[in-house]
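Residue numbers run from 1 in the order of the sequence given. Each ligand, and each atom within it, is numbered from 1 in the order the structure gives.
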Amino acid sequence: MSWFKKPKFGGILTNAKKTDMPDNIWSKCDNCGEILYRTELDRNLSVCSHCGFHFRIGHGKYIKILLDENSFVEKYMTIRSSDPLDFPDYRKKLRKGEERAGIPEAIVVGTGKIGGIDIAAGFSDFGFMAGSMGSAFGEKLYRIIMDAVELKVPMLIVSASGGGARMQEGILSLMQMAKTSAALDQLNKAGLPFISILTHPTMGGVMASFSSLGDIIIAEPGALLGFAGPRVIQETIGEDLPDGFQRSEFQLNHGMADMVIPRKELRPTVTLILQGLLNRYGEVPETTEKSE
Ligand SMILES: [Zn+2]
């Protein structure tokens with residue numbers, strides 16, 4: 001099957017500089033520097049047609065790309081972070097995150113369908129405080145996983161959480177690692193599958209808890225996936241790191257991911273996996289080609 005093949009894109013980021021150009025017409029690829037027509041880029045699910053670089057996208061696009069049209073029903077929208085430690089500037093950061101990502105917390109959860117199969121799902125969003133997990137994030141995720149157990153449906157989580165566990169809530173953020181992991185254990189005991197999709201970047205306490213607990217772990221090409229980042233590791237051990245360290249392809253070769261799948265193949269791949277795991281065969285949606 002084509003999705004088991006390793007993609008050619010190596011995922012090494014360069015520091016291509018952005019030039020002044022109208023954002024709404026052209027975009028410059030962060031990896032190869034190619035100037036891309038925005039409409040074409042959107043049609044290609046924000047993947048560079050020249051080098052295969054996957055631009056970061058928000059929760060809304062992942063919902064459109066992965067789920068059956070209009071099937072997503074959002075839940076627990078009113079749960080939002082407070083400022084339990086009175087951390088400097090935290091409230092301001094929460095407000096900014098809400099403005100930027102258009103959501104009140106760094107994760108959106110709900111129920112939906114993929115290829116006609118009912119699922120429960122969570123989508124973290126880098127746009128809100130780097131997709132970091134605080135107590136509201138953890139509570140929303142915990143509740144939707146327990147809903148999956150009750151509804152007897154599989155769980156899908158798309159992670160885009162470079163911020164890991166949110167430092168502004170200290171130990172309360174770290175507790176969410178245990179809480180979400182315990183909920184996934186309930187899902188496991190109920191015999192229900194969990195598919196974890198890792199996107200750039202997924203790090204820290206998120207990677208060290210629910211994100212890496214998938215029965216099947218799928219990574220987008222070139223994503224940075226790990227606990228501590230490469231710079232911290234390099235400074236700690238005082239040695240140069242190999243090329244592509246902690247990128248999806250590296251993690252695939254080291255057993256931390258089960259497959260690396262390009263964005264446009266995610267939907268058919270997840271459908272096939274769910275059909276296989278649930279022993280419910282049917283139509284497989286075609287490769288996603290267009291995002292609106
Ligand atoms: Zn490119």
If Ile, Leu, Val, Met, Phe, Trp and Tyr residues are connected whenever their side-chain heavy atoms lie under 4.5 Å apart, and connections chain through other members, are Leu66 and Ile261 in the same group? yes

Check this for me, if you would: do Glu69 and Lys64 make a salt bridge, where the nitrogen-to-carboxylate-oxygen distance has to be below 4.0 angstrom? no

What I want to check is whether the side chains of Thr199 and Glu220 have a donor and an acceptor closer together than 3.5 Å. no

If the test is side-chain hydrogen bond (donor to acceptor under 3.5 Å, both in side chains), which one of Lys93, Glu169, Arg166 qualifies with Ser132? Arg166

Under a 4.5 Å cut-off applied to non-hydrogen side-chain atoms, are Gln176 and Ser135 in contact? yes

Drop me the distance from Ile145's CD1 to Met155's CE, to the nearest 0.5 angstrom. 5.0 Å

Under 2.8 Å from the Zn ion (ligand 1), how many protein N, O or S atoms can be found? 4

